[in-house]
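These notes are about the structure you will find just below.
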Amino acid sequence: MMRTHRPGEMRADHVDSTVVVCGWVANRRDHGGVICIDLRDATGSVQVVIDPAQPGLDVGHRVRTEWVLRVEGPVRLRPTGTENADMPTGLIEIGATAVDVLSESEPVPFPLDDRTDVDESLRLRHRYLDLRRVPMQRNLRLRAEVNLALRNSMAAQGFCEIETPMLIASTPEGARDFVVPSRLKPGNFYALPQSPQLFKQLLMVGGFDRYFQIARCLRDEDLRADRQFEFMQLDLEMSFADQDDVLAAVTHAVQAATAAVRPGVDIGEVPRITWHDAIDRYGSDKPDIRFGMELVDLGEVFAATNFRAFQGVGAVKGICVRGEGGASRSKVDGLVDRAKQLGAAGLVWMRVRATDAGVDVESPVTKFLSDAERSGLIAALDAAPGDLVLIAAGERVPTCQVLGQLRLDLGRPPVTEGLAFLWVVDFPLFEGLGDDGAPISAHHPFTMPHPDDLDRLESDPLSVRSQAYDLVLNGWELGSGSVRIHRPDVQQRIFSLLGITPEAAQGKFGFLLDAFKYGAPPHAGFAFGTDRIVAIFAGEENIREVIAFPKTQSGADPLTNAPSAIDERQLTELGLRVLPPKA
RNA sequence: GGUCCUGUGGUGCAGUUUGGAGUGCACGCCGCCCUGUCAAGGCGGAGGCCGCGGGUUCAAAUCCCGUCAGGACCGCCA
């Protein structure tokens with residue numbers, strides 16, 4: 001028998017039983033006549049006490065950190081005064097009667113305690129050691145809990161789990177594809193899926209009603225703290241369902257995931273905000289609603305202003321930063337620079353001060369403002385002495401976005417604080433006009449326009465709302481979905497608006513359009529990134545901390561050295577030749 | 001493609017602003033001592049391409065240029 005118990009499970013009620021435990025040496029304290037070892041496995045650690053004078057136990061002096069031991073002996077209460085209240089197993093210890101060295105270890109390249117903040121590339125090069133550390137153990141087990149809860153929730157809601165292929169046809173839309181050369185058809189390529197989007201719609205045509213998958217998605221775009229080449233999504237699609245049905249199903253899943261990792265926490269109904277309101281109030285289509293500092297419209301206050309910068313603009317908006325009125329001039333100048341860097345023409349700042357007459361503002365632009373304007377903006381922003389007011393003016397959406405970013409810079413709580421889910425609904429169907437004058441899909445070209453806006457599709461496309469929606473958590477975009485177009489005539493109108501000819505559409509998505517000829521059910525779906533939701537649950541700002549083997553920012557894996565060159569023979573087999581590097 | 005930050009014994013840092021001997025701290029490692037510690041303790045010791053290349057200088061970890069690696073961000077991510 002290899003073991004009878006696990007180190008972290010040992011408690012006082014095991015006293016007097018003889019146990020066998022296995023694990024790694026987390027720490028050793030060799031006092032000469034007595035040796036204390038903390039033996040660790042996935043469950044935690046327990047103190048093993050070795051008397052090296054006993055026969056066969058002098059090996060205790062040789063034992064080093066990260067050696068793998070099998071220890072046999074009675075569990076006993078620690079002598080009075082030597083208990084360790086900081087350890088769950090701190091009341092007891094194992095008095096070793098036999099110690100087998102199962103594996104020796106060279107000195108490890110970095111400490112495996114959780115006090116040391118080790119360089120990340122070193123951690124990744126020895127990820128198998130990093131994984132032994134408490135934070136990675138905790139994060140990956142948390143991730144497994146979330147996956148399990150999501151899967152159980154989907155199953156309980158009657159969704160059928162179906163795998164879709166990894167080797168698919170490349171479509172030029174969207175993100176850059178990873179491609180895989182075909183051996184049997186040299187010169188041709190598969191693409192790795194950016195998402196199972198088209199397949200899940202085909203599954204609806206195929207009569208599967210409710211599909212889900214925890215799917216691997218791949219996009220060859222530059223990496224970020226919240227973006228890897230490969231990432232996981234809870235992907236789902238529902239037939240005979242509308243937007244509310246999808247939102248309810250996804251809400252159920254994230255409620256279950258939250259409850260799994262935060263026992264007793266019920267996120268309740270997830271609030272909804274329209275895209276328009278999100279931009280207006282938070283300057284973002286993924287608002288972090290854990291804190292206030294909302295954007296306030298000052299258009300009325302400055303309707304008749306003599307201040308040039310506020311005249312004839314789409315919007316004048318302000319935020320009130322509580323208690324920042326004492327900010328240094330250099331900090332305030334930094335905010336102005338930041339606003340300009342974000343594309344604003346400028347940023348007006350005002351310190352709110354108490355005066356004999358009440359409250360007033362102090363700013364380089366005060367002389368351009370009337371008494372009514374100053375009191376009006378103070379009232380509109382509910383500003384109090386000691387506050388800092390920031391005002392931007394210009395085209396509505398970009399102006400809101402600049403203030404929205406400043407709001408985050410100045411007020412965003414740490415990632416570990418709070419869970420604020422939010423639905424953002426009524427996205428515009430198109431996000432703008434391309435260079436060729438044709439509108440650009442905000443979501444993807446299969447998104448159903450809002451029924452009330454359908455008749456403006458051709459006349460005023462940019463005003464058309466879509467039945468697309470995003471799920472946001474603490475200001476992170478978790479995922480998005482939409483009601484899909486299932487009618488060929490509507491799809492055709494969208495394609496022609498987008499400047500996609502019927503021939504081009506047939507070439508790119510012909511199989512989907514063909515499928516829709518044979519009785520496509522109305523359907524809608526969603527997908528959200530599980531790496532991101534797990535990272536937030538884990539209190540990590542970086543999804544690499546919740547991925548077992550992530551890539552670096554340059555897309556490399558320091559552990560396996562991917563990507564790497566391949567043999568000439570492999571290239572020949574695939575009909576490929578590598579070009580010399582650009583000079 | 002771009003902006004910014006970082007790179008110093010195995011690890012984490014200080015030293016770089018103002019050039020002057022690889023100087024320092026903590027951990028780890030090796031040896032000896034030690035019967036109750038738990039980040040054990042005491043004594044002793046080993047360990048350096050200061051990321052790499054070039055330049056300036058009598059002299060470069062330090063200044064300049066380039067480059068590589070890691071990170072944050074912009075672009076990009078239907």
Side-chain angles (χ1 to χ4, degrees), chain A residues 25-40 45-54 60-62 64-66 76 78-87 89-90 93 95 105-126 129 171-177 194-195 197-198 217-229 231 338 341-343 405 409 427 429-432 434 439-447 466 468 477 480 482 494 498 500 508-509 527 529 541-542 544 550-556 558 582:
Chain A
V25 175
N27 193 15
R28 86 198 139 87
R29 295 169 294 279
D30 187 341
H31 298 271
V34 63
I35 303 164
C36 301
I37 284 174
D38 295 330
L39 197 68
R40 177 201 68 226
S45 60
V46 70
Q47 175 162 279
V48 172
V49 178
I50 298 173
D51 176 0
Q54 295 296 312
H61 288 305
R62 277 182 60 229
R64 291 294 181 271
T65 306
E66 298 310 319
R76 63 194 189 206
R78 294 192 186 191
T80 306
T82 65
E83 302 89 349
N84 186 344
D86 297 331
M87 288 176 78
T89 60
E93 63 191 18
S105 172
E106 293 183 15
V108 287
F110 54 88
L112 302 193
D113 59 56
D114 48 0
R115 297 186 310 277
T116 314
D117 197 13
V118 180
D119 177 75
E120 199 178 344
S121 63
L122 187 68
R123 290 174 55 203
L124 291 181
R125 191 151 69 245
H126 303 278
L129 294 178
T171 53
E173 267 69 30
R176 191 179 295 113
D177 280 328
Q194 297 175 26
S195 78
Q197 180 62 36
L198 297 172
C217 304
L218 299 106
R219 295 176 190 174
D220 187 3
E221 299 290 351
D222 288 1
L223 291 77
R224 288 282 195 284
D226 61 351
R227 275 164 34 194
Q228 285 272 302
F229 283 153
F231 57 99
R338 173 76 167 149
Q341 175 200 335
L342 292 166
Q405 186 58 54
D409 291 350
F427 271 73
L429 188 61
F430 303 108
E431 63 182 20
I440 299 165
S441 284
H443 189 54
H444 58 57
F446 317 111
T447 303
S466 69
E477 183 193 323
S480 56
S482 62
I494 298 290
L498 294 173
I500 301 175
K508 289 171 182 167
F509 315 111
E541 297 183 24
N542 194 308
R544 291 189 299 271
K551 304 278 188 288
T552 65
Q553 197 166 71
S554 61
K582 284 175 198 158

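If you're wondering where the values come from, they're calculated on a predicted model, not measured in any experiment.
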Mind calculating the distance between [atom1] ([X]) and [atom2] ([N]) to the nearest angstrom?
| X | N | atom1 | atom2 | answer |
| --- | --- | --- | --- | --- |
| M87(A) | rC38(B) | CE | P | 12 Å |
| R123(A) | rG70(B) | CZ | P | 15 Å |
| D226(A) | rC73(B) | CG | P | 7 Å |
| L129(A) | rU11(B) | CG | P | 13 Å |

Does [X] reach the side chain of [Y], with side-chain heavy atoms less than 4.5 Å apart?
| X | Y | value |
| --- | --- | --- |
| R78(A) | N84(A) | yes |
| D220(A) | F229(A) | yes |
| I35(A) | P52(A) | yes |
| S105(A) | T65(A) | no |

Base partner of [N], which must satisfy Watson-Crick or wobble distances under 3.5 Å:
| N | value |
| --- | --- |
| rU23(B) | rA14(B) |
| rC4(B) | rG71(B) |
| rG44(B) | rC30(B) |
| rG66(B) | rC52(B) |
| rU57(B) | none |

Does OP1 or OP2 of [N] have a side-chain N or O of [X] closer than 4.0 Å?
| X | N | value |
| --- | --- | --- |
| R29(A) | rU35(B) | no |
| Q47(A) | rU37(B) | no |
| R76(A) | rG36(B) | no |
| T65(A) | rG28(B) | no |
| S121(A) | rA69(B) | no |
| R78(A) | rU37(B) | no |

Report which part of the nucleic acid [X] touches: base, sugar-phosphate, or nothing (heavy-atom distance under 4.0 Å, all strands).
| X | result |
| --- | --- |
| A53(A) | nothing |
| D51(A) | nothing |
| E93(A) | base |
| R544(A) | sugar-phosphate |
| D113(A) | nothing |
| E541(A) | nothing |
| E120(A) | sugar-phosphate |

Please name the pair of heavy atoms, one in R176(A) and one in E221(A), separated by the smallest distance, quoted to 0.1 Å.
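Result for this residue pair: N-OE2, 2.8 Å.
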Minimum heavy-atom separation for T447(A) to S466(A), with atom names?
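Taking T447(A) first and S466(A) second, the nearest heavy atoms are CG2-CB, 3.7 Å.
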Can you find an N or O donor on one side and an acceptor on the other, under 3.5 Å apart, linking the side chain of [X] with the base of [N]?
| X | N | value |
| --- | --- | --- |
| R28(A) | rC38(B) | no |
| R224(A) | rG75(B) | yes |
| N84(A) | rC38(B) | yes |

Atom CD of residue position E431(A) - does it have more than 12 heavy atoms of other residues, nucleotides or ligands inside 6.0 Å?
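Enclosed: over 12 neighbouring heavy atoms sit under 6.0 Å from CD of E431(A).
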Choose from [options] the nucleotide whose nearest atom is closest to any side-chain atom of [X].
| X | options | answer |
| --- | --- | --- |
| S554(A) | rG70(B), rC38(B), rU11(B) | rG70(B) |
| T552(A) | rC29(B), rG70(B), rA72(B) | rG70(B) |
| V118(A) | rG12(B), rC38(B), rA72(B) | rG12(B) |
| R115(A) | rA39(B), rC74(B), rC38(B) | rA39(B) |
| R227(A) | rC76(B), rU11(B), rG71(B) | rC76(B) |
| V34(A) | rC77(B), rU37(B), rU35(B) | rU35(B) |
| N542(A) | rG71(B), rC34(B), rC38(B) | rG71(B) |

Rounding to the closest angstrom, what is the interatomic distance between [N] and [M] at atom [atom1]?
| N | M | atom1 | answer |
| --- | --- | --- | --- |
| rC43(B) | rC4(B) | C1' | 48 Å |
| rC50(B) | rU16(B) | C1' | 11 Å |
| rC13(B) | rC32(B) | P | 33 Å |
| rG47(B) | rA39(B) | P | 31 Å |
| rU56(B) | rG66(B) | C1' | 15 Å |
| rU8(B) | rG15(B) | C1' | 9 Å |
| rG10(B) | rC65(B) | P | 29 Å |
| rU35(B) | rC30(B) | C1' | 24 Å |

Nearest 0.5 angstrom please: R125(A) CZ to D119(A) CG, how far?
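Answer for the CZ-CG pair, R125(A) versus D119(A), is 8.0 Å.
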Hey, what are the protein-to-nucleotides 5-10 of chain B N/O distances that come in under 3.5 Å?
{"unit_1": "rG10(B)", "atom_1": "O2'", "unit_2": "P109(A)", "atom_2": "O", "d": "2.9"}

Partners of F446(A) by ring pair (Phe, Tyr, Trp, His ring centres under 6.0 Å), sequence neighbours excluded?
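Here the qualifying residues are H444(A), F509(A).
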Stepwise, does the side-chain hydrogen bond (donor to acceptor under 3.5 Å, both in side chains) test hold for R29(A) with Q47(A)?
CA-CA 10 Å; R29(A) 295 169 294 279; Q47(A) 175 162 279; 2.9 Å; yes
Taking the nucleotide of RNA chain B with the closest heavy atom to each, which residue, R64(A) or Q197(A), is nearer the 5' end?
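Nearest-nucleotide comparison on RNA chain B picks R64(A).
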Need to verify one output field. Residue with the more 5' nearest nucleotide on RNA chain B, T82(A) or A175(A)?
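Final value for this comparison: T82(A).
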Which residues share a salt bridge (charged side-chain N to carboxylate O under 4.0 Å, His left out) with R338(A), sequence neighbours left out
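Result, salt bridge (charged side-chain N to carboxylate O under 4.0 Å, His left out) vs R338(A): D409(A).
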